[in-house]
Amino acid sequence: MENKIILYIKGDGIGPYVMDAAMKVWNAAVNRIYRDKKRIIWKEIYAGKKALEKYGDILPLETLELFKKYKIGIKGPLETPVGSGYRSLNVALRQKLDLYACIRPVKYIKGIDAPVKNPEKVDIIIFRENTEDVYAGIEWKENSEESNKIINFLKSNFNISLKKTAIGIKPISEFKTKRLMKKAIEYAIKYNRKKITIVHKGNIMKYTEGAFRNWCYEVSKDYSLELEKHQIEINDIIADNMFQQLLLNPENFDILITPNLNGDYLSDAAAAQVGGIGIIPGSNIGDDIALFEPTHGTAPGIKNPEMANPTSLILSGAMMFEYINFTQVAELIRKSLKKTVLEGFGTPDIIKDDKKVLSANKFAEKIIEYF
Ligand code: NAD
């Protein structure tokens with residue numbers, strides 16, 4: 001028997017409910033494909049509220065060390081209070097483990113109630129830079145010692161006058177942009193995708209977003225022979241236009257590569273276009289560590305967490321199985337989930353027919369029935 005150790009974090013809010021449901025599906029799929037030849041050993045690790053209770057720390061050192069040791073994990077959503085308290089745990093995890101590529105495939109699943117006329121035209125992969133941009137966490141309160149120092153520095157060195165204000169800094173570097181573009185090109189070659197569109201706001205932010213665009217093109221020149229061989233086209237688009245084009249002509253897009261903040265907005269908007277963030281999977285990939293997670297948060301607005309949609313997490317698991325070369329397991333999960341939804345079953349956020357609305361747990365059982 002071959003064993004593979006995978007770390008998991010249940011998460012906050014709806015996290016434990018969707019994790020329990022998803023794990024049922026993953027284990028059943030591995031069992032169905034590999035019987036007693038291969039098995040996943042799940043190792044629970046902690047972050048967020050549960051970690052605070054257990055270790056007195058929301059992101060214990062042990063959690064980071066275990067990621068460095070086992071290299072692969074999957075997590076539920078973690079809560080981040082707005083405007084105060086700790087900075088985002090998700091951002092901290094991505095930065096501390098250098099999980100620089102956030103990869104989110106957005107594709108319509110037939111049967112899901114989507115808000116646009118032709119959601120089936122959407123089939124894109126978003127490559128979002130995950131470690132820099134305004135997300136790097138370099139920001140200071142208005143009238144703090146730090147923001148006032150920066151204001152004085154700008155005045156005395158560059159004759160730039162700023163009144164009392166909060167300050168945030170947007171770092172975008174050649175090294176971090178280029179390694180992301182390499183990943184996007186390698187992905188396009190491996191998965192037979194035909195176009196990479198660089199999404200940026202370089203017309204306004206020339207030396208950050210504009211440079212992001214230029215550095216991506218530079219990488220594409222290094223790969224010119226391979227791009228030609230595989231007939232992969234590279235182009236670019238201004239971010240605001242991207243949002244309207246995705247609604248008007250989604251079939252024109254394939255892989256999108258973006259700096260951190262654009263990518264954050266774009267992935268939620270694209271997800272909504274095909275029926276909501278409850279269904280779109282996600283992954284955060286570094287050079288040798290990978291952390292898979294749903295695109296949604298803890299969904300505090302859902303009154304009964306048992307009715308939360310586990311699809312995003314289940315499909316994040318399918319991405320994970322593909323990553324560890326359990327390809328047939330990934331295929332079985334995707335195929336069966338599609339069939340279940342096509343038969344009209346699902347959680348209330350995606351299914352209208354009351355008779356076929358299921359809890360996360362019952363939805364998972366239904367998916368297994370359709371294997
Ligand atoms: P959210 O994703 O939790 O919810 C946004 C909307 O989508 C809500 O209407 C919610 O009910 C719905 N929704 C989300 N997931 C769903 C699911 N599985 N099934 C059905 N409906 C679903 O976003 P938010 O309300 O802005 O954030 C809540 C908390 O989650 C915040 O603390 C935020 O920081 C955190 N968050 C964490 C992550 C992460 O862990 N990666 C991502 C986003 C937000």
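Sequential numbering from 1 along the given sequence is applied to the chain's residues. FYI, side chains are in, hydrogens and waters are out, and symmetry mates aren't considered; it's all heavy atoms of this structure. All ligand and atom numbering here is 1-based and tracks the order in the structure.
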Run down the list Lys75, His296, Lys303, Glu293 and name the one with the heavy atom closest to atom 14 (C) of ligand 1.
His296

So the atoms of ligand 1 within less than 4.0 Å of a heavy atom of Glu79 turn out to be 32 (O)

Could you check whether any heavy atom of Met307 sits closer than 4.0 Å to an atom of ligand 1, since that is the contact criterion I want to use?
no

Per-pair distances, 0.1 Å, donor-acceptor, side chain in residues 158-173, under 3.5 Å, sequence neighbours excluded:
unit_1 : atom_1 : unit_2 : atom_2 : d
Asn159 : OD1    : Lys155 : NZ     : 3.0
Ser161 : OG     : Lys155 : NZ     : 3.1
Lys170 : NZ     : Asp133 : OD1    : 2.7
Lys170 : NZ     : Glu209 : OE2    : 2.8
Ser173 : OG     : Glu132 : OE1    : 3.2
Ser173 : OG     : Glu132 : OE2    : 3.3
Ser173 : OG     : Lys176 : N      : 3.2

For ligand 1, is any non-hydrogen atom under 4.0 Å from Asn90's backbone (N, CA, C, O), its side chain (CB onward), both, or neither?
side chain

Does the separation of the ring centres of Tyr34 and Phe326 fall below 6.0 angstrom?
yes

When only distance counts, is Gly297 in polar contact with ligand 1, meaning an N/O pair under 3.5 Å?
yes

If you compare Gly48, Ala299, Pro77 by their heavy atoms, the one closest to atom 10 (C) of ligand 1 turns out to be Ala299

Side chains of Asn27 and Trp42: is there a donor and an acceptor less than 3.5 Å apart?
yes

Say whether Ser312 and ligand 1 are in contact under the criterion: heavy-atom distance to a ligand atom below 4.0 Å.
no

Could a heavy atom of Ile302 be found less than 4.0 Å from some atom of ligand 1?
yes

Going by side chain to side chain contact (heavy atoms under 4.5 Å, CB included), Lys96 matches just one of Thr63, Val91, Leu64. Which one?
Leu64

Counterpart residues, salt bridge (Lys or Arg N to Asp or Glu O under 4.0 Å), relative to Asp20 (two or more places apart):
Lys10

Report the residue from Thr131, Asn130, Ile289 that forms a side chain to side chain contact (heavy atoms under 4.5 Å, CB included) with Asp98.
Thr131

Need the ligand 1 atom indices (1-based, order shown) with element for anything under 4.0 Å from a heavy-atom of Ile14.
17 (C), 18 (N)

